[in-house]
Enquirer: 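Sharing a structure, written as structure tokens. Questions coming.
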Amino acid sequence: MKTGFISTLSLTSASRGSIMEQSVALAKLQTEVSSGRKYDVGLDLGIGTGEAISMRSEFENLNTIVDTNGLVKSRLDVTETGMLNVRDSAQTMLATLVSSIGSETGREVTIAEAKNNLEQLVATLNTSFSGTYLFAGINVGETPITDYYATGSANKTAVDTTFMAEFGMAQNDAGLNSVTAAQMQSYLDGAFANEFDSPGNWNANWSTATDQEMVNRISTSETIETSISANIDPMRKLAMAFTMVADLGGENMTQNTFDVVLNKAVSMLGEAIGELNSSIGQVGNAQARVARASDKLSLQTDLINERILALENVNTTEVSVLLSNAVTQLEVTYAVTSRMQGMSLLNYL
């Protein structure tokens, strides 16, 4: 039989190592109790770590779409409000024009109202939200519609040019009272109407918007168009109707000639309002689809989050018990180590 040598140093070193291990374990348990999450998810889950990573990736992806849907919804809300305002103004203008046909009373007021409506239409189509233009199609960084009354604007210059070519005088010329109703009808149906053709003069002089509209992903499997282009037919018809009343020299025309302008504008506005209602319905449908998609995504993220919590979280009650035991064990170890350090052979000599 062989005896081993046990020194005070070896006993002290062993105790010190035990204290260090228990302190590390205690720190981990304290972290888990305070955070409610496993101290080392990868070490604890092992091969299950892949599922946790996958779940977190899917969770972040779905949340990104939900956040984007919130922005899309706000953009659609602003778009709808603008279109409703334009439609309401067009309906009011239509009533004014109908009452003005055959009556010379209030002609200046009618022309001023048309000018205001044209300015409102341009302002609405140039509405921006969160740094992008709503009615610009996919060309969201550029103002879509040229301001008709801006100095040197291409659209007004083009109208002025066609008017001069047609009648040999400007819109403010007093000699305009010599223009017949037939001549005005020919101009409205010909050179003037051509200024609002798209593609064509509309794109050259009025609009930088694209016909292609914004498309957004609103779920993992669904994309929809989420904008309205300034180039759609009702917007061009509104611009045409407002411009012909506001800027073709109605103040200097005979009543018969001005009635031609009014009747043409009434026809354009009637068509535009009906078509605009369809476009407003398109926006409303997009709003409903975004809302439904966001609701479904919220349910999915809730389920995924529950699975993540099941994988990564700890039972705080159980861990609290383990923490309490670890604290007690560490205190005992400190006490034993203190007693051992106090032992000496000299005490027994």
Side-chain angles (χ1 to χ4, degrees), residues 78 82-83 85-86 89-90 92-93 96-97 107-129 131-137 139-177 179 184 187-188 190-211 228-232 234-253 257-258 261-262 264-265 268-269 272:
V78 176
M83 295 177 72
N85 289 338
V86 167
S89 296
T92 302
M93 184 80 237
T96 299
L97 295 181
R107 184 185 297 192
E108 291 183 358
V109 174
T110 300
I111 293 172
E113 185 178 341
K115 179 179 178 180
N116 289 337
N117 276 287
L118 178 58
E119 291 176 332
Q120 179 188 345
L121 176 64
V122 171
T124 299
L125 295 180
N126 287 339
T127 300
S128 64
F129 177 81
T132 62
Y133 289 98
L134 297 179
F135 296 92
N139 190 21
V140 296
E142 189 171 353
T143 307
I145 298 297
T146 301
D147 182 358
Y148 189 80
Y149 291 101
T151 303
S153 60
N155 43 13
K156 178 165 173 53
T157 299
V159 170
D160 291 347
T161 300
T162 62
F163 194 90
M164 177 64 73
E166 187 81 21
F167 301 112
M169 64 185 85
Q171 295 96 308
N172 60 358
D173 197 309
L176 195 59
N177 60 8
V179 174
M184 181 58 67
Y187 171 64
L188 292 177
F192 182 73
N194 291 340
E195 290 302 309
F196 300 87
D197 286 342
S198 178
N201 290 329
W202 174 263
N203 302 85
N205 300 321
W206 284 81
S207 173
T208 61
T210 65
D211 293 339
I228 296 293
S229 172
N231 296 340
I232 60 175
M235 297 304 185
R236 291 185 287 112
K237 288 177 179 178
L238 289 174
M240 182 179 178
F242 296 148
T243 302
M244 69 173 67
V245 178
D247 196 40
L248 292 187
E251 303 92 333
N252 300 311
M253 296 178 189
T257 301
F258 190 55
V261 175
L262 295 177
K264 182 69 173 180
M268 289 293 99
L269 285 178

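Count residues from 1 along the sequence. Heavy-atom basis, side chains included; hydrogens, waters and symmetry copies ignored. Nothing here was measured: the structure is a model prediction, and the numbers come from that model.
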Enquirer: Might you point out which heavy atoms bring Ser89 and Asn117 nearest each other, and give the distance in Å?
Expert: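 Looking at all heavy atoms of both residues, the closest pair is CB-OD1, 3.0 Å.
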
Enquirer: Side chains of Asn85 and Gln120 only: does a donor on one sit below 3.5 Å from an acceptor on the other?
Expert: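 Side chains of Asn85 and Gln120: no pair found under 3.5 Å.
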
Enquirer: Does any part of the side chain of Thr243, heavy atoms only, come nearer than 4.5 Å to the side chain of Glu195, both counted from C-beta?
Expert: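 Heavy-atom side-chain distance check fails, nothing below 4.5 Å.
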
Enquirer: May I have the step-by-step check of side chain to side chain contact (heavy atoms under 4.5 Å, CB included) for Asn252 and Asp173, ending in yes or no?
Expert: CA-CA 7 Å; Asn252 300 311; Asp173 197 309; 5.9 Å; no

Enquirer: The criterion is salt bridge (Lys or Arg N to Asp or Glu O under 4.0 Å); which residues satisfy it with Arg107, sequence neighbours excluded?
Expert: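 Testing Arg107 for salt bridge (Lys or Arg N to Asp or Glu O under 4.0 Å), a comparison that skips the adjacent residues, returns none.
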
Enquirer: Report yes or no: does Asn139 contribute a side-chain atom to a donor-acceptor pair with the main-chain N or O of Thr210 at less than 3.5 Å?
Expert: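 No, because the side chain of Asn139 does not come within donor-acceptor range (under 3.5 Å) of the backbone of Thr210.
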
Enquirer: Is the closest side-chain heavy-atom distance between Thr257 and Asn177 below 4.5 Å?
Expert: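 Heavy-atom side-chain distance check fails, nothing below 4.5 Å.
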
Enquirer: Return the set of residues passing ring pair (Phe, Tyr, Trp, His ring centres under 6.0 Å) with Phe196 (not counting sequence neighbours), or none when no residue passes.
Expert: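 Partners of Phe196 by the ring pair (Phe, Tyr, Trp, His ring centres under 6.0 Å) criterion, ordered by chain and then number, come out as Phe192, Trp206.
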
Enquirer: Is there side-chain contact between Val179 and Tyr187, with at least one heavy-atom pair below 4.5 Å?
Expert: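 They are not in side-chain contact.
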
Enquirer: Under 4.5 Å between any side-chain heavy atoms of Val159 and Asn155, yes or no?
Expert: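 A side-chain contact under 4.5 Å is absent here.
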
Enquirer: Output the distance between atom OG1 (Thr161) and atom CD (Glu166), rounded to the nearest 0.5 Å.
Expert: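 Thr161 OG1 to Glu166 CD: 13.0 Å, rounded to 0.5 Å.
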
Enquirer: In Å, rounded to the nearest 0.5 Å, how long is the span from CG of Leu248 to NZ of Lys264?
Expert: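 The distance works out to 12.0 Å.
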
Enquirer: Which heavy-atom pair separates Met235 from Ser229 by the least distance, and what is that distance?
Expert: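 Answer, listing the atom of Met235 first, then Ser229: CG-O, 4.4 Å.
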
Enquirer: Kindly give the heavy-atom pair with the smallest separation between Tyr148 and Ser153, and that separation in Å.
Expert: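 Heavy-atom minimum between the residues: O-OG, 2.8 Å.
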
Enquirer: Please tell me if the side chains of Phe167 and Met184 come closer than 4.5 Å, counting only heavy atoms from C-beta onward.
Expert: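 In contact.
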
Enquirer: Using every non-hydrogen atom in the two residues, find where Leu125 and Ile145 come nearest and quote the distance to one decimal.
Expert: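 It is CB-CG1, 3.7 Å.
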
Enquirer: Show the nearest heavy-atom pair for residues Gly137 and Ala209, with the distance to one decimal.
Expert: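 Heavy atoms only, the tightest pair is N-CB, 4.5 Å.
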
Enquirer: Roughly how far, to the nearest 0.5 Å, is OG1 of Thr92 from CG of Asn116?
Expert: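 Reported to 0.5 Å precision, the distance equals 12.0 Å.
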
Enquirer: The criterion is side-chain contact (heavy atoms from CB on, under 4.5 Å); which residues satisfy it with Ser198, sequence neighbours excluded?
Expert: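 Once residues adjacent in sequence are excluded, the partners of Ser198 under the side-chain contact (heavy atoms from CB on, under 4.5 Å) criterion are Trp202, Asn203, Asp211, Asn231, Arg236.
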
Enquirer: For Phe163 and Leu176: C-alpha separation, side-chain torsions, deciding distance, then whether side chain to side chain contact (heavy atoms under 4.5 Å, CB included) applies.
Expert: CA-CA 11 Å; Phe163 194 90; Leu176 195 59; 3.4 Å; yes

Enquirer: Is the shortest side-chain heavy-atom distance between Thr146 and Asn205 below 4.5 Å?
Expert: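 Result no, sub-4.5 Å side-chain heavy-atom pair not found.
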
Enquirer: Quick one: closest heavy-atom pair of Ala272 and Pro234, and the distance?
Expert: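 Distance-wise, the nearest heavy atoms are O-CB, 3.5 Å.
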
Enquirer: Would you give the length of the straight line joining atom NZ of Lys115 to atom CD of Glu119, rounded to the nearest 0.5 angstrom?
Expert: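 Between Lys115 NZ and Glu119 CD, I get 5.5 Å after rounding to 0.5 Å.
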
Enquirer: Among residues at least two apart in sequence or on other chains, which ones pass side-chain contact (heavy atoms from CB on, under 4.5 Å) with Glu251?
Expert: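 Residues passing side-chain contact (heavy atoms from CB on, under 4.5 Å) with Glu251: Ile111.
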
Enquirer: Can you list everything that forms a side-chain contact (heavy atoms from CB on, under 4.5 Å) with Thr96? Sequence neighbours excluded, please.
Expert: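 Checked Thr96 against side-chain contact (heavy atoms from CB on, under 4.5 Å); matches are Met93, Ser100, Thr110, Glu113.
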
Enquirer: Is Asp247 close to Leu118 at the side-chain level, that is, under 4.5 Å between some pair of heavy atoms?
Expert: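 Leu118 does not reach Asp247 side chain to side chain.
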
Enquirer: What I'd like to find out is whether the side chain of Met83 reaches to under 4.5 Å of the side chain of Phe135, using heavy atoms alone.
Expert: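 Yes, close enough: below the 4.5 Å cut-off.
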
Enquirer: What residues form a salt bridge (Lys or Arg N to Asp or Glu O under 4.0 Å) with Asp160, not counting sequence neighbours?
Expert: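 With neighbours one apart ignored, the set is Lys156.
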
